[in-house]
J.: 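Can you keep this structure in mind? I'll have questions shortly.
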Amino acid sequence: AMIVAFTLIGCDKLFKGELKYRAIDSTTTIHSVMPKAGEILRGRVSIEGFTKVGKNILIRYVFDGYVENRHCFTLTATSGFFPQEEIAKSKGLSTTKLFAKASVQTPFSPFLHCDKTQFSDEDLKAVQKGNLASCFGPDWGNTAAPGLYAEKAKMLDRIIQVLPKGGAWGLGQMIGEVDVKKSHWAFQAHFKNDPVLPGTLIVEGAEQLVRFYLYYIGLHTQTQLQPELLNNHSYSAKFRGEVLYADEKLQYRMTVKSISIEYEDQTQNVSDFQILFIVETLYRDRVIGVSDNLGARFSRPVSMHSKELIQ
């Protein structure tokens, strides 16, 4: 939407092709149920301001997404137009502050225990098809739940490391990789004469790693739980680098930052499960992106619990 808006106000003509568009950061706040397949998403873009720093042009904007009259989310972001020499100077992101206040938490005991610490592309494809047992072991069985990715948006090829008690909080860490190919369709569209991998696909890879982790810990075995909206939850994405038109590897380092589990009274039956992550994107040995506060919640429907109390 923003690229269309910039075209309409004449940025291409104004900058004469001398500056390149790049995303910098964004914060998304979820207000209600996100759009589903078949629904029409209506967006409203508001440009909040422009700032010129040397030859760099920074643009602040807000994007609100609606389905009919339902306000689904608000994205507040900064992007800009930069000379190539400024883009090339980027040294990546320092994530020190994100982990500075971390402290080791009580270890989390997964619902199922998997001894594997690496997973191949074939393993991931098995999960995509719902054949979890082929990837993790017989206790995982099969599932009809959604897979890891849409075929055209696959951004995860393997898992190279799993540390069940790793990371700054001691709750788990996982590293995944994707092979970026020059033949990827995105380079043909993003952008003309300036091919770079879209930030949306980079974040998609982070989310695919999160989905894989939820299967890894056996969350799907808690059949009493259903996906629940994290009301008024905000998560962020930052970029300080670009993934170029080249055959290279992109890595995702996912760290679990918090896990909250609630149980039914006087039982070990889980009634609510919430989890938050930080995912760092590594390219050419430096962190070029961070997705912070990615999260998921699964809870037992109130109606199910009420029915059991009545019985």
Side-chain angles (χ1 to χ4, degrees), residues 1-84 86-87 90 93 150 152-153 155 185-207 229-243 279 281 288-295:
M2 280 310 304
I3 294 174
V4 174
F6 294 148
T7 301
L8 287 174
I9 63 178
C11 286
D12 288 339
K13 184 176 181 180
L14 179 64
F15 303 135
K16 301 177 181 179
E18 296 174 356
L19 304 183
K20 297 183 176 183
Y21 177 76
R22 296 293 185 268
I24 299 175
D25 57 49
S26 67
T27 298
T28 302
T29 302
I30 307 301
H31 303 302
S32 66
V33 178
M34 295 295 278
K36 299 177 181 178
E39 294 183 326
I40 297 175
L41 173 65
R42 175 172 56 88
R44 184 182 66 194
V45 176
S46 302
I47 297 177
E48 302 290 306
F50 293 80
T51 302
K52 186 174 182 180
V53 182
K55 295 181 179 180
N56 304 320
I57 308 295
L58 304 180
I59 305 164
R60 302 181 306 279
Y61 63 92
V62 177
F63 180 90
D64 287 289
Y66 300 83
V67 171
E68 296 183 345
N69 293 323
R70 186 175 83 244
H71 192 188
C72 301
F73 65 89
T74 297
L75 180 145
T76 303
T78 302
S79 60
F81 290 85
F82 307 90
Q84 180 57 48
E86 290 295 323
I87 296 174
S90 176
L93 277 163
K152 291 290 187 179
M155 288 298 295
W185 62 266
F187 286 123
Q188 306 303 314
H190 190 279
F191 298 104
K192 183 178 180 180
N193 301 324
D194 178 29
V196 290
L197 197 68
T200 49
L201 282 180
I202 293 175
V203 174
E204 175 64 28
E207 293 179 346
L229 182 71
L230 282 168
N231 277 317
N232 296 316
H233 175 73
S234 295
Y235 59 92
S236 64
K238 294 181 181 295
F239 303 101
R240 295 296 185 274
E242 55 187 357
V243 179
V279 184
T281 303
I288 64 161
V290 176
S291 298
D292 186 21
N293 233 29
L294 294 179

J.: Of the non-hydrogen atoms in L197 and F187, which two are nearest, and what is the gap between them?
T.: N-CE2, 3.5 Å
J.: Would you say the side chain of F6 lies within less than 4.5 Å of the side chain of L14, judging by non-hydrogen atoms?
T.: no
J.: Find out whether I30 and L230 are in side-chain contact, i.e. whether some heavy atom of one side chain is under 4.5 Å from a heavy atom of the other.
T.: no
J.: Working note: V196 + H190, criterion side chain to side chain contact (heavy atoms under 4.5 Å, CB included); need CA distance, chi angles, decisive distance, verdict.
T.: CA-CA 6 Å; V196 290; H190 190 279; 3.7 Å; yes
J.: Would you say the side-chain atoms of T74 pair up with the backbone N or O of T29, donor to acceptor, closer than 3.5 Å?
T.: no
J.: Minimum heavy-atom separation for P35 to L41, with atom names?
T.: CG-CD1, 3.7 Å
J.: So does I40 have more than 12 non-hydrogen atoms from other groups sitting under 6.0 Å from CD1?
T.: no
J.: Using atom types as modelled and distance alone, determine if a side-chain donor or acceptor of R60 lies under 3.5 Å from a backbone N or O of I47.
T.: no
J.: Any side-chain heavy-atom pair from Y61 and L75 closer than 4.5 angstrom?
T.: yes
J.: Distance from E68 atom CD to E39 atom CD, nearest 0.5 Å?
T.: 7.5 Å
J.: Please round to the nearest 0.5 Å and tell me the distance separating atom CD of E242 and atom CG of D194.
T.: 7.0 Å
J.: Could you tell me whether R70 atom CZ has more than 12 heavy atoms of other residues or ligands within 6.0 Å of it?
T.: yes
J.: Can you tell me how far the CZ atom of F50 sits from the CZ atom of F81, to the nearest 0.5 Å?
T.: 8.5 Å
J.: Would R22 and E86 count as a salt bridge (charged side-chain N to carboxylate O under 4.0 Å, His left out) here? Give the steps.
T.: CA-CA 11 Å; R22 296 293 185 268; E86 290 295 323; over 6 Å; no
J.: Indicate the atoms forming the closest heavy-atom contact of L201 with A186, along with that distance.
T.: CD1-CB, 3.7 Å
J.: Measure the spacing between OG1 of T78 and CG of D25 and express it to the nearest 0.5 Å.
T.: 4.5 Å
J.: Are I59 and E48 close enough that some pair of their side-chain heavy atoms sits under 4.5 Å apart?
T.: no
J.: Any side-chain to backbone donor/acceptor pair from N293 onto S234? Under 3.5 Å, distance only.
T.: yes
J.: Could you tell me which non-hydrogen atom of A23 sits nearest to which non-hydrogen atom of F239, and how far apart they are?
T.: O-CB, 3.8 Å
J.: Quick check: do I57 and K52 have side-chain heavy atoms less than 4.5 Å from each other?
T.: yes
J.: Sub-3.5 Å donor-acceptor pair from the side chain of S32 to the main-chain atoms of H71, do we have one?
T.: yes
J.: Do K238 and T27 come within less than 4.5 Å of each other through their side chains, counting heavy atoms only?
T.: no
J.: Could you pull out the closest heavy-atom pair between G43 and F63, with the gap in Å?
T.: CA-CZ, 3.6 Å
J.: State, yes or no, whether a side-chain contact exists between L19 and P83 at a heavy-atom distance under 4.5 Å.
T.: yes
J.: For the residue pair L294 and A206, what are the closest heavy atoms and their distance?
T.: CD1-CB, 4.1 Å
J.: Mind checking the CG-OG spacing from D64 to S46? Nearest 0.5 Å is all I need.
T.: 6.5 Å
